[in-house]
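Working notes for the structure below.
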Amino acid sequence: MADEKIIPAYDAEAIETKWQKIWEDEHTFKARDDSSRPKKYVLEMFPYPSGDLHMGHARNYSIGDAMARQARMRGFEVLHPMGYDAFGLPAENAAIKHNTQAGAWTHRNMAQATATMKRMGFSYDYDRMFATCDSEYYKWGQWAFLKMWEKGLAYRATSPVNWCPSCNTVLANEQVVDGKCWRCHSVPEKRELSQWYLKITDYAQELLDDLDQLTGWPENVKAQQRNWIGRSEGAEIDFALVAEDGVTPTDRLITVFTTRPDTLYGTSFFLLPPESALAAELVAGTEYEPAFLELKKSVEHVSSVDRQGSEREKHGVFSGRYVVNPLTGKPMPIWIADYILLDYGTGAVMGVPCGDQRDFEFARKYGLPIPPIIAEKDDPLYEQLKDETELKVTDVDWDRAMAAEGYLIQSGPFTGMLGGKHSPAVDAIIDYLGERGIGRKTVQFRLRDWLISRQRYWGNPIPMIHCDCCGDVPVPYDQLPVLLPENLDLGAGETLAEYAPFYETTCPVCGKPAKRITDTMDTFTCSSWYYLRYCDPHNDQEPFSKAAVDHWMGVDNYIGGIEHAILHLLYSRFWTKVMRDLGMIDLDEPFINLLCQGMVKDANGDTMSKSKGNVVPPSSVIEPYGADTMRLAILFIAPSEKDFNWDEEVVAGANRFIKRAWRTVWGLANSADSSADLNPAKLSGASADLWRRLNEMGIKCTADFDRYQFNTSISAVMELVNDASKYLVDTPEDQRDGALCARVAHDIVAMLSPICPHWAEELFHEALGFTGSIYDEPWPEFDPEQAKSSMVEIVVQIKGKVRGRAMVPADATNAELEEAAKAAAANQLVGKDIKKVIVVPGRLVNIVAI
RNA sequence: GGGGGCGUGGCGGAAUUGGCAUACGCAUCGGUCUUAAAAACCGAGGCCGCAAGGAUUGUGGGUUCGAGUCCCACCGCCCCCACCA
């Protein structure tokens with residue numbers, strides 16, 4: 001650069017330290033509740049403080065911070081809070097291992113993480129920061145539990161649950177991932193235990209329906225939730241139990257759930273799961289009992305991992321009893337089979353071996369008949385049996401079940417009807433059963449109630465007391481919070497259940513000695529409403545004021561990992577709806593727009609983990625290059641929702657760019673004349689070109705930013721910096737336009753400021769001479785008209801192939817374009833017959849000639 | 001088995017409604033500066049060909065003046081759920 005004027009070196013560490021202090025001292029990013037500006041709530045999923053922040057956090061928060069800072073420049077009052085999901089097992093395990101307190105360990109980690117957040121320059125309103133282990137917070141989690149208890153949404157029940165032997169606690173269904181504990185990956189055992197639940201199933205239909213209104217959510221997350229909720233339409237059908245004599249029907253009914261009532265004629269046996277109390281009752285004292293008990297025992301010892309998967313061989317035993325098929329009136333044997341689930345549907349299934357592969361395999365193994373009752377028209381069976389209403393063919397020689405679509409055969413009065421899911425035959429048979437009161441249309445969900453009790457110390461205590469006289473009694477509201485004692489001797493293996501000062505109490509109803517519930521709540525209860533608390537974090541009268549939540553909610557931009565697609569994001573939606581129904585808020589859904597960022601993997605594409613020793617700590621980038629380089633590199637390397645592999649070269653490249661942009665802005669600033677007015681009409685030559693590019697790239701940068709496409713938004717600024725740099729090299733100083741230089745420098749700084757905030761503030765003040773924060777400046781505006789050039793190059797195609805180019809005035813008419821194109825391609829059109837000409841103004845002319 | 005998504009240079013990736021494929025960056029190779037290196041700056045190619053030129057968005061077909069983009073089939077990859085009746 002020919003400039004004589006001084007350009008200071010870019011000293012990232014000095015600049016970043018300086019601005020971090022200024023932002024902190026001046027509370028630059030405090031969210032004002034009483035602002036007249038429109039609000040925007042930008043939120044990143046808060047971290048679990050298991051140590052310092054890692055690259056995944058850095059990426060998550062860099063995305064959110066860019067959004068928050070830009071929203072502010074767009075004129076919004078921005079709420080951008082941060083806190084800690086601080087309860088959980090790692091703290092307890094660390095405390096046991098190092099013989100310290102879980103709270104102390106957690107607070108040490110939180111302090112370190114906060115320091116890293118500040119070192120990254122994230123624009124949080126730190127005054128709103130809290131941790132879920134603060135009693136001022138978890139008190140209101142207990143409050144919510146009691147409200148749910150009052151409404152019947154919290155309850156205690158005994159049922160087979162997933163017990164993790166390594167974590168020594170039960171797990172929610174959602175926390176058994178691939179048949180393993182989501183946290184420690186050990187295989188849970190089934191245990192019959194008395195546990196506490198939240199009745200999320202009451203909201204199954206609404207949780208499903210409202211997904212449609214979440215237009216700002218990624219499709220795959222919504223699909224995962226739909227899948228998990230798992231709505232199935234079908235029918236319940238009552239089968240009469242046959243007396244022990246094997247022939248006399250009794251009044252006792254056993255109900256099944258099926259999505260395919262149209263296959264009822266093909267039902268040749270009846271199934272119960274080994275855990276079924278009814279099954280145990282039916283075989284009690286009979287010759288079939290020993291085999292049944294053996295099967296039941298074998299299931300207990302098979303892990304859920306092994307019991308899952310259709311490859312596993314099915315096992316079953318005959319119960320010695322029968323039920324009556326309500327359509328045929330014929331008795332069918334009741335079998336007990338290990339592929340039947342106790343907790344789906346009614347826990348009883350009708351076996352339809354011709355159409356269901358599982359039933360088919362079971363029938364083959366145990367020699368049960370496989371009557372065909374449905375066939376495609378091209379199936380020989382169809383020709384043979386299409387008019388047959390009685391069961392003629394009672395077995396088949398197939399080697400697998402047939403696709404269960406087609407026409408009913410040998411199915412009584414329904415023979416000939418089209419069968420299949422949602423088919424006429426389904427409706428007809430449901431109607432038929434309904435008229436006789438032995439069947440009805442029904443809907444089933446796969447979603448189970450949320451098991452929230454954990455037999456662990458470091459969590460929010462369930463605010464209930466068990467009294468031998470009065471049963472389960474809620475802790476009175478005025479006694480909240482039930483404080484978690486902080487002085488347990490975890491190292492010596494002490495638990496809440498053994499800690500008398502905690503559990504010894506008196507019954508609030510009868511006053512007699514009673515025992516507190518010593519289970520704590522799943523940490524996901526704490527993270528299900530923290531976004532509401534940020535709206536009003538210091539409220540000591542209620543969890544949050546309705547006015548504050550009305551003002552700030554919903555979360556306009558929620559950013560976090562895809563691994564929460566089901567767990568956290570489903571629980572939070574549920575909690576929001578519960579709070580709404582309690583009259584606390586007027587909100588159906590908490591998160592308006594959701595962005596799930598991809599993972600940061602190592603250079604080989606492996607996930608980073610301590611055990612693999614391939615973790616790249618944020619400090620290893622911040623120290624040599626600075627936070628701004630790191631933020632830029634993370635956002636530039638790939639689209640936000642995609643995984644990327646860590647690449648040191650990209651960081652070096654980002655640092656090269658940030659330094660080049662620094663020099664370019666200084667170069668422009670040194671040529672700037674801030675007193676002159678910018679008059680675009682007067683610009684010519686290189687200055688006019690730069691002005692046009694400023695508008696073109698400004699529009700692209702802004703549009704891509706608005707789509708959260710930070711990588712291409714950044715590339716637009718890079719192009720502008722490249723052009724500006726060329727302008728400084730190619731245009732002698734006395735020919736540069738001072739007003740233009742000032743404007744371009746300003747806009748480059750502004751457009752990069754959400755991503756490289758310290759860099760931007762420093763240039764804004766030191767190079768451009770502004771006072772006040774750049775985040776009080778409006779986002780620059782650009783004019784699409786000014787992005788157009790007077791002459792444009794169009795492509796000349798002949799039959800769709802590029803055959804030449806032509807420079808034409810931007811406002812040329814279609815006829816002029818056609819003429820220019822014909823002139824440009826004249827020598828290739830000689831002797832050809834022009835059939836048709838397609839003109840796309842400003843882009844191309846396609847001449848169809850033969 | 002059910003659901004969601006994806007295939008573009010050596011690499012990360014770009015390409016509003018179908019309209020110049022490979023923007024931007026990394027790596028590579030030249031050059032300037034330097035005693036030298038680094039940094040910085042300027043430039044080049046990207047597959048085939050010495051070249052003019054041609055080919056090219058997983059494969060095959062279709063629609064269209066024109067397809068990375070739309071439709072059909074196939075191949076390959078990723079993610080989620082799953083003995084859910």
Side-chain angles (χ1 to χ4, degrees), chain A residues 1 177-179 218-232 234 256-260 263 267 271 273 307-314 337-341 343-352 355-359 361-362 444-448 562-563 565-566 598 632-633 636-639 641-645 647-654 656-657 659-660 663 697 700 703-704 707 709 711-719 721-722 725-726 729 793-802 804-805 835-849:
Chain A
M1 234 163 279
V177 177
D178 289 336
E219 249 352 280
N220 63 336
V221 174
K222 288 191 278 185
Q224 279 184 46
Q225 293 211 355
R226 280 193 194 99
N227 225 318
W228 186 262
I229 295 168
R231 185 180 195 273
S232 293
V256 299
F257 171 74
T258 178
T259 55
R260 295 296 304 278
T263 61
T267 303
L271 295 158
R307 204 175 157 186
Q308 280 171 5
S310 45
E311 326 79 47
R312 179 176 147 83
E313 192 182 338
K314 295 159 181 48
D338 62 357
Y339 70 99
I340 305 304
L341 304 173
D343 62 353
Y344 183 76
T346 61
V349 174
M350 58 187 221
V352 185
D356 184 289
Q357 183 59 22
R358 296 158 298 174
D359 295 343
E361 287 167 20
F362 190 77
Q444 273 295 323
F445 293 96
R446 216 192 63 116
L447 184 70
R448 298 277 83 92
I562 187 83
E563 66 274 16
I566 295 170
L632 181 70
F636 180 67
I637 189 168
E641 62 286 350
K642 285 191 74 167
D643 290 355
F644 73 77
N645 299 348
D647 185 350
E648 179 68 27
E649 298 293 350
V650 171
V651 182
R656 206 173 301 147
F657 169 72
K659 288 195 279 192
R660 195 153 51 87
R663 288 191 304 272
M697 289 303 126
K700 178 167 165 51
D704 286 352
R707 291 190 292 155
Q709 264 199 29
N711 57 333
T712 52
S713 183
I714 291 165
S715 79
V717 183
M718 286 175 167
E719 288 192 60
V721 169
N722 289 347
S725 162
K726 200 177 294 257
V729 170
E793 188 182 63
I794 60 159
V795 168
V796 180
Q797 294 182 337
I798 295 175
K799 287 187 73 181
K801 296 267 182 194
V802 178
R805 283 151 213 281
K835 295 274 186 201
K836 194 174 176 185
V837 178
I838 291 102
V839 179
V840 183
R843 288 192 190 271
L844 60 75
V845 176
N846 187 9
I847 300 170
V848 186

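Below, chains carry the letters A, B, ... as their sequence lines are ordered, and counting in each starts from 1. All values below come from the heavy atoms of this structure, side chains included, with hydrogens, waters and symmetry mates left out.
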Does B/A40 pair with anything, Watson-Crick or G-U wobble, both distances under 3.5 Å, and if so, with which nucleotide? B/U32

Taking the P atom of each, how far is B/C84 from B/G2, in whole Å? 12 Å

Go nucleotide by nucleotide along RNA chain B from the 5' end; which of A/A652 and A/T259 gets its closest nucleotide reached first? A/A652

Touch class at under 4.0 angstrom, heavy-atom based, for A/N846 against every strand present: base

I'd like the C1' distance from B/U22 over to B/C11, given in whole Å. 13 Å

Assess, by modelled atom type and distance only, whether the side chains of A/R660 and A/N722 contain a donor and an acceptor separated by less than 3.5 Å. yes

Rounded to the nearest Å, what distance is computed from the CZ atom of residue A/R656 to the C1' atom of nucleotide B/C24? 14 Å

Hey, is the side chain of A/R805 poking within less than 4.0 Å of OP1 or OP2 on B/C20, counting only N and O atoms? no

Distance check, P atoms only: B/A44 and B/C24, in whole angstrom units. 12 Å

Report yes or no: is there a donor-acceptor pair, N or O only, under 3.5 Å between the side chain of A/K799 and the base of B/C65? no

What contact category does A/F644 fall into here, base, sugar-phosphate, or nothing, at under 4.0 angstrom with non-hydrogen atoms? nothing

Does B/G9 count as syn, meaning its glycosidic angle lies within 90° of 0, or as anti? syn

I'd like the C1' distance from B/G66 over to B/G19, given in whole Å. 7 Å

Would you say A/K642 places a side-chain N or O within less than 4.0 Å of OP1 or OP2 belonging to B/G13? yes

It should be established whether A/R707 places a side-chain nitrogen or oxygen under 4.0 Å from OP1 or OP2 of nucleotide B/U16. no

Under 4.0 Å between any heavy atoms, over every strand shown, what does A/I637 touch: base, sugar-phosphate, or nothing? Just pick one. sugar-phosphate

On a whole-Å scale, what distance lies between the C1' atoms belonging to B/G13 and B/A21? 13 Å

Scan A/Q797 against the nucleic acid and name what it touches under 4.0 Å (heavy atoms): base, sugar-phosphate only, or nothing. base

Counting only side-chain N and O atoms of A/R843, is one of them less than 4.0 Å from OP1 or OP2 of B/G18? no

Any A/R358 side-chain nitrogen or oxygen under 4.0 Å from OP1 or OP2 of B/G1: no

What does A/D359 touch in the nucleic acid at a heavy-atom separation under 4.0 angstrom: a base, only the sugar-phosphate, or nothing? nothing

Whole angstrom value for the distance that separates C1' of B/G5 from CG of A/N227: 14 Å

Rounding to the closest angstrom, what is the interatomic distance between B/G4 and B/G9 at atom P? 27 Å

Which is true for A/N711 with a 4.0 Å heavy-atom rule: it touches a base, it touches only sugar-phosphate, or it touches nothing? sugar-phosphate

Start at the 5' end of RNA chain B and walk down; is the nucleotide closest to A/I714 or to A/E649 reached first? A/I714

A/I566 CD1 to B/G3 P, straight-line distance once rounded to whole Å: 16 Å

Considering only B/C81, B/C20, B/G4, which nucleotide approaches the side chain of A/E219 most closely? B/G4

Rounded C1' spacing from B/A39 to B/C78 in Å: 41 Å

What contact category does A/P218 fall into here, base, sugar-phosphate, or nothing, at under 4.0 angstrom with non-hydrogen atoms? nothing

Closest non-hydrogen atom pair between A/D338 and A/E313, with its separation: OD2-O, 4.2 Å

Given 3.5 Å as the limit, does a donor-acceptor pair link the side chain of A/D359 with the main chain of A/V352, or not? yes

Where do A/T263 and A/M350 land on the side-chain contact (heavy atoms from CB on, under 4.5 Å) test, with the steps shown first? CA-CA 10 Å; A/T263 61; A/M350 58 187 221; 3.7 Å; yes

So, the side chain of A/Q225 versus the backbone of A/A565: is there a donor-acceptor pair under 3.5 Å, distance only? yes

Residue A/Y344, side-chain heavy atoms: nucleotide from B/G4, B/A85, B/C65 that is nearest: B/A85

Base, sugar-phosphate, or nothing: which does A/R660 touch, judged by heavy atoms less than 4.0 Å apart? sugar-phosphate

Touch class at under 4.0 angstrom, heavy-atom based, for A/V650 against every strand present: nothing

Please work out if A/Q709 contacts a base, only the sugar-phosphate, or nothing of the nucleic acid, heavy-atom cut-off 4.0 Å. sugar-phosphate

So does A/S232 get a side-chain nitrogen or oxygen closer than 4.0 Å to the phosphate oxygens (OP1/OP2) of B/A85? yes

Are the side chains of A/F644 and A/V650 in contact, using a 4.5 Å heavy-atom criterion? no

Across the strands shown, which category fits A/K835 at heavy-atom distances under 4.0 angstrom: base, sugar-phosphate, nothing? nothing

A/R448 vs A/D343, test: side-chain contact (heavy atoms from CB on, under 4.5 Å). Steps then yes/no. CA-CA 8 Å; A/R448 298 277 83 92; A/D343 62 353; 3.9 Å; yes

Compute both the distance and the angle, then confirm whether A/K314 meets the cation-pi test with A/Y339: under 6.0 Å from the six-membered ring centre, within 45 degrees of the axis. yes

A/N722 side chain N/O closer than 4.0 Å to the phosphate oxygens (OP1, OP2) of B/G25? yes

C1' spacing across the pair B/U57 / B/A15, given as an integer number of angstrom: 11 Å

